[in-house]
Engineer: 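Quick one: this structure, given as structure tokens, is what I'll be asking you about.
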Amino acid sequence: MLLTTTSCTTVVGLASFQCKKEVKTVSRNGQVMVLDGFLKPAALSHGVGLHGIVPHICLRLQSGGRCFGKARASARDESLSLEERDYGVATQLFDDCLPLARGGENNLQVKEKMEVDESASMCNAFSSSSESCTREEEMVVTTSSPAPLVAALKQCADMDAAAFHFPGHRRGAGASQLLTDLIGVAPFQHDLPELPELDNLYAAKDVIAEAQRMAASLFGADCTWFLVNGSTCGIQAAVMATCKPGDYLILPRNCHMSAVSAMVLSGAVPKYVIPILDSRWGVAHGVEAAQVEAAICEVERGGGNVGAVLVVSPTYFGVCSMVEAIADVCHHHGVPLLVDEAHGAHFQFQANLPRTALEQGADIAVQSTHKVLGSLTQSAMLHSQGTCVSHQQLTRCLQMLQTSSPSYLLLSSLDAARAQMSEVTCTAGLGTSIMDAAVSLASSAKNALRKIPGLLVLDKLTIDKKAAAEVALAGIDPLRITVGLWELGLTGFDADDILRLEYGVVAELPSLLSLTFVVSAGTSSQDIIRLIGSLEALSASHKVCLGFSLLYSRLHLTVHCRNHMCGKLLTHLQ
């Protein structure tokens, strides 16, 4: 029996150890867990020879390429105590985890090096994989449900059980009445921990693994991970898995704050690319392939190493980049392409929507499933394809970044959203899919808003001419409605307050010159009517303001000059 691990430092006890047969293959925080060949040491000893607090890491037990539900090995070193021979405990300090997860060298003396077996990738444990493991004395849970995780959660919630597990509200019995009056008892009844029937996010083999496999199939990925810390942890994990300390990460200036924190965590060095600036709307769009090519070549000429390229597509305003051309450049240089596609999880499901990042050759796409699709806030997915990025390193990084007590409400909402988009759901009276209906409603709204005096709608005709050529090729998300307000003498923040407080219309994003609204499958025709009516009233009460237009022109000139000077300064600093 060979014991291997993907990252191992100080080893206490034996590398080959005896795992008693009666240990259950269950998943609980604070227990020793043997899950389909994965031993997960945790913080409590439970009298089995575990000393001190051990961070959660997984040791893979492997024998001839076979995976066993019951881990068994024999102690070979008779010089060690019986307790040490009972269990081998691998400890890994957090400050040593990060360089290991990024593929760097650890700074601790390794007492025993263990062979890494890439063929036994931990993607099998955390995410779904086509590779199957032979299990001994263990039945694999299978389900024919269109949403396996949702079905398992319902089954557990309906169980007549005396609960002595976390969380403390005990399926709603001990919950605050203030909250049950607000949301009812049902959310508490389904707020369950990692029960055996519910699988384990970090060693998935049953319903979570199946749900992630189904998601990968739908979204066109080789491997999909469910995220409970939003797209933020997905971006961070992608950067940490591709960039070692000192590597360059090429990214645009309008990146999300998660990309900045990812560089702090990974030790990567930023090489910024200035995105296409739209002087008319006062926003930044995407980046061009030529800019990425120039940045990579500049780093290579200076003797640096590019760990990855990160682009944002689509932006908050729905503007996409030419991901396919950027992917070609990246792969020509052997550099992985990471795409922050947080605002584009719905692109897969309607013909008029832009192509997805994976369809255009991205290695990793991180999507906020909750933004336009139907999962709960904070839930997201990370999709990977190809072999450019190690699934094993992604898995390790995600486990470090996410909570050890993932919410099954969030996880099941991802499964439910995937199942919803897998069906050809028809809306009453329209006979079209729910995403077709959303695109139709957004198009109707834009056509009506274009006729209102003093308003502009962000599209290929109103976008800045310098940005129009690139945007015309890449596309704009038709479900984003960005309305320019400067001719009314209003800022987006002023208009946002008026619409929300006086008309009950709540926008997604106010900015200095505009307001952005998001249409989704949950948008109704009545919502669109209220949106149009409120903006008509806003236009009538704030007539086109020539004075403000002149002020805007001066402000525009000031902003343009500032951006020009900043661009020159950034070029000098880089």
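When reading the values below, keep in mind they use all heavy atoms of this one structure, side chains included, and skip hydrogens, waters and symmetry mates. Values in this document were obtained by computation on a predicted structure and should not be read as measured data.
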Engineer: To the nearest 0.5 Å, what is the distance between CG (Leu414) and CG (Leu409)?
Structural biologist: 11.5 Å
Engineer: Take Phe349 and Val372, measure what side chain to side chain contact (heavy atoms under 4.5 Å, CB included) needs, and give me the verdict at the end.
Structural biologist: CA-CA 11 Å; Phe349 307 109; Val372 177; over 6 Å; no
Engineer: Quick check on side-chain hydrogen bond (donor to acceptor under 3.5 Å, both in side chains): which of Ser379, Ser368, Ser258 does Ser231 satisfy it with?
Structural biologist: Ser368
Engineer: Hey, does Met263 have a side-chain heavy atom less than 4.5 Å from the side chain of Leu251?
Structural biologist: yes
Engineer: If you compare all heavy atoms of Leu198 against all heavy atoms of Pro193, which two are closest, and at what distance to 0.1 Å?
Structural biologist: CD1-O, 3.5 Å
Engineer: Report the distance from atom CG of Leu479 to atom CE of Met435, rounding to the nearest 0.5 Å.
Structural biologist: 6.5 Å
Engineer: For the residue pair Phe219 and His383, does the interplanar ring angle fall in the parallel (under 30°), tilted (30 to 60°) or perpendicular (over 60°) class?
Structural biologist: parallel
Engineer: Taking the side chain as C-beta and beyond, is there a heavy-atom pair between Leu401 and Asn229 under 4.5 Å?
Structural biologist: no
Engineer: Using distance alone, with no hydrogens and no angle criterion, decide if Ser524 and Asp527 have a side-chain donor and acceptor under 3.5 Å apart.
Structural biologist: yes
Engineer: Glu341 and side-chain contact (heavy atoms from CB on, under 4.5 Å): which single residue from Val366, Thr356, Ile364 fits?
Structural biologist: Thr356
Engineer: Do the non-hydrogen side-chain atoms of Phe347 and Gln367 ever get within less than 4.5 Å of each other?
Structural biologist: no
Engineer: Rounded to the nearest 0.5 Å, what separation is found between the CZ atom of Phe226 and the CG atom of Asp415?
Structural biologist: 5.5 Å
Engineer: Side chains of Asp477 and His343: is there a donor and an acceptor less than 3.5 Å apart?
Structural biologist: no
Engineer: Got a second to check how far Leu509's CG is from Thr482's OG1, nearest 0.5 Å?
Structural biologist: 7.5 Å
Engineer: Is the distance between the ring centroids of Tyr408 and His190 less than 6.0 Å?
Structural biologist: no
Engineer: Working to the nearest 0.5 angstrom, can you tell me the gap between Asp436 CG and Leu441 CG?
Structural biologist: 11.0 Å
Engineer: Please tell me if the side chains of Pro478 and Leu353 come closer than 4.5 Å, counting only heavy atoms from C-beta onward.
Structural biologist: yes
Engineer: Could you give the distance from CG (Leu398) to NE2 (His391), rounded to the nearest 0.5 Å?
Structural biologist: 11.5 Å
